[in-house]
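Both counts, for ligands and for their atoms, begin at 1 and track the order of listing.
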Amino acid sequence: MDGPWVPKGILVCLLVALLPCAMLQSLASGARDRIQLREEARRMFYHAYDNYMQYAFPHDELKPLSRTYTDSLAELGNLNHEHLPEHYNGTALTLVESLSSLAILGNATEFVKAVLWLGENLSFDVDVRVNLFECNIRLLGGLISAHLLAIEFFEGLIPGGYKNQLLHLADDLGQRLLPAFETPTGIPYAWINLKYGVMMDETLETSTSGCGTLILEMGALSRLTRNSKYEDAALKALRKLWSMRSSLDLMGTTLNVATGTWIQHSSGIGAGVDSFYEYLLKAHILFGGQEYWDMFRQAYVAVQQYFRHGPWYHEADMRTGRATYWQLTSLQAFWPSVQVLIGDVVAANATHREFVSVWEKHGVIPERYLLDIGSIHPTESYYPLRPELAESTLYLYQATKDPWYLDVGEKLLTSLNNLTRVDGGYASIRDVTTMELEDHQHSYFLSEMCKYLYLLFDDTFLSNRNYIFSTEGHPLPVLRAWQQWTPSVPPKAITESKGEAETEHTNSSAMESQVCPDFRGLSLSPQRVESACHVLDGHEDHRCTSDDGCGIDAATCRKRTCSSVGYCGLWKKG
Ligand code: DMJ
């Protein structure tokens, strides 16, 4: 991006100084349009959901072209479909993943119906080998989040015997995942059989994101069950993983869980690593304390120093910091949302804009793009309905309230409807160069894509409450009681517990009240710290009041200033 970025909303506001900004913003995006777009996002969710319920439920995911199902959680990486019971019905994965979206859409009837069905029918006592990471973020996270939302929104509607059903299921699932952590390093196996534990000759290879994206769900489960064993296991693994960083504070992408040695030394912020960074920061927000923040801060600075090239991020060798692959992956589009949470909004915007330009060029974002020659990767030209760009768009809109992001959201909605909507749901794209479709509707389309787009156009759910979203889009409340929780509190039976959701919330969204990074402790010269600009908190629409709250611009390392209408940026004074 050339020159300083001036949000469109601010320019409009400056031009017509007599009208209040908020009024102009709503005119610019069109109040009616926003409602229509919200309704379009709602229709998108129900088209995906209704078709899943009709053709695939209780199996895991919908095949929208053939209108049938896949038990993808157990089939993933299990090409021979081994250890699938004869009459296996799956885990109702898409239903579990839909619960938090149903709550946000305000559909109490369907939510309660689902809770009752899951309470009666879902069992994890099945001979299936599943991926620990996927099981954790999708099933465990989906159940925990829905349990908390049920307490907050639908408690009176759920019959007594079912009140803690989702938590019971989560607790049962959590216990089935724990044997994966029994390795010499404490870093868990990537795969686990839900009935029999770790299988004979199980692979010792896992990825950084695979073993470093467990702490939110496991920490939340520990707090809800008042049993520290889940958090203990996830934290031990995370500490070990962190201890394996290089002297440059870089991680690799894959490692051996028995020896704790790296297999693949090249890494970036995309596939195989992405949510590791995300969970360091979100664990700090959700559970508090210095340890997660220190890890995140060091890791973030290293990413900025060794991976970033202007608005893009390439891969580098963790040992030398030398660039390895000049490739963009569509998963990287989540990164601006992490930057928004720490107040690095200018850098987030710059990267987000580049991803938007790729989306505009190709209609969607291809899975992998060769940055050095500007073309789509020959074998990774698919688009599996990934939600990361919608995610970043939502976060940036929340941080800036710049209506330009609403326009981006509208474009995403339109191209998804034009390119991927079929009568039987939403289909992935096998090849973005031909737009040939693939017979798969991923459950994260309902837990993430539809939710992020809906919230972009209607953020009622986010106002006056502070939730953070797991990497799978499941909201978790930021609660003081959770931050003060210590495992020494005597355990209570979970049936007695209404969970912690009744305790006090902090009253603003984490997307707006950004975490203030303190870089003073770092022994880097200011010119080398390409990062973390904090925007003052506590203002209704996230405005600054003086230059002091604006930090350093991540792209140029220049000090940012506060504009006359209260936005941090590279404004010229006078
Ligand atoms: C989701 O399952 C999660 O966001 C995960 O962290 C990686 N990305 C997929 C969707 O693209």
Side-chain angles (χ1 to χ4, degrees), residues 48 60-62 70 72-73 75-77 91 93-94 96-101 130-145 190 206-218 234 238 251 253 267-283 313 328-338 341 355 358-359 364-369 380 382-395 412 416 420 426-429 432 438 440-453 455 468-476:
D60 288 344
E61 291 179 317
L62 171 70
T70 155
S72 41
L73 197 67
E75 289 167 11
L76 181 80
T91 60
L93 178 65
T94 299
V96 173
E97 287 254 75
S98 297
L99 289 171
S100 60
S101 297
V130 295
N131 181 282
L132 178 77
F133 163 82
E134 298 291 355
C135 206
N136 176 66
I137 64 170
R138 298 193 196 209
L139 271 187
L140 191 61
L143 291 168
I144 291 171
S145 172
T206 192
S207 66
T208 299
S209 54
C211 62
T213 312
L214 302 158
I215 192 68
L216 289 195
E217 292 79 5
M218 292 287 184
L238 191 60
M251 313 296 286
T253 300
S267 81
I269 56 165
V273 193
D274 47 3
S275 42
F276 159 74
Y277 292 109
E278 179 185 351
Y279 270 33
L280 293 181
L281 176 61
K282 289 183 176 174
Y313 291 82
L328 161 169
T329 57
S330 86
L331 286 164
Q332 294 174 334
F334 86 104
W335 188 251
S337 67
V338 166
L341 288 178
F355 276 101
V358 176
W359 183 288
V364 291
I365 298 183
E367 186 70 354
R368 198 174 281 270
Y369 191 80
E380 291 183 48
Y382 45 88
Y383 171 67
L385 299 173
R386 292 216 186 275
E388 285 74 11
L389 186 61
E391 178 180 11
S392 289
T393 305
L394 167 65
Y395 281 63
L412 303 187
L416 286 168
T420 69
Y426 285 86
S428 300
I429 296 175
V432 306
E438 187 178 339
H440 197 167
Q441 178 184 281
H442 295 268
S443 59
Y444 54 70
F445 186 74
L446 292 97
S447 70
E448 293 195 74
M449 181 74 90
C450 298
K451 184 186 284 136
Y452 297 143
L453 288 173
L455 287 171
I468 58 157
F469 291 87
S470 75
T471 191
E472 191 71 1
H474 296 303
L476 295 167

In this structure, is the centre-to-centre distance between the rings of Tyr383 and Trp359 below 6.0 Å?
yes
With heavy atoms only and a cut-off of under 4.0 Å, state how Glu388 meets ligand 1: side chain, backbone, both or neither.
side chain
Taking it one step at a time, do Glu217 and Ser470 satisfy side chain to side chain contact (heavy atoms under 4.5 Å, CB included)?
CA-CA 8 Å; Glu217 292 79 5; Ser470 75; 3.8 Å; yes
Testing the basics here: between Leu446 and Ser98, what is the closest heavy-atom pair and its distance to 0.1 Å?
CD2-OG, 3.5 Å
Apply the side-chain contact (heavy atoms from CB on, under 4.5 Å) test between Phe469 and each candidate in Leu455, Leu476, Leu216; give the one that qualifies.
Leu455
Could you tell me whether Glu472 and ligand 1 have an N or O pair separated by under 3.5 Å?
yes
Would you mind listing which atoms of ligand 1 come within a distance below 4.0 Å of any non-hydrogen atom of Pro387?
10 (C), 11 (O)
At under 4.0 Å between heavy atoms, is it the side chain or the backbone of Glu278 that contacts ligand 1, or both, or neither?
neither
Testing the 3.5 Å rule here: is there a donor-acceptor pair between the side chains of Ser100 and His474?
yes
Quick test of your reading of the structure: of Glu367, His442, Arg386, whose heavy atom lies closest to atom 11 (O) of ligand 1?
Arg386
Pairs of nitrogen or oxygen atoms closer than 3.5 Å, one from Thr471 and one from ligand 1: do any exist?
yes
Where on Leu331 is there a heavy atom closer than 4.0 Å to ligand 1, on the side chain, on the backbone, on both, or on neither?
side chain
Given the options Ser447, Ser72, Ser443, Arg138 meets side-chain hydrogen bond (donor to acceptor under 3.5 Å, both in side chains) only with Ser443
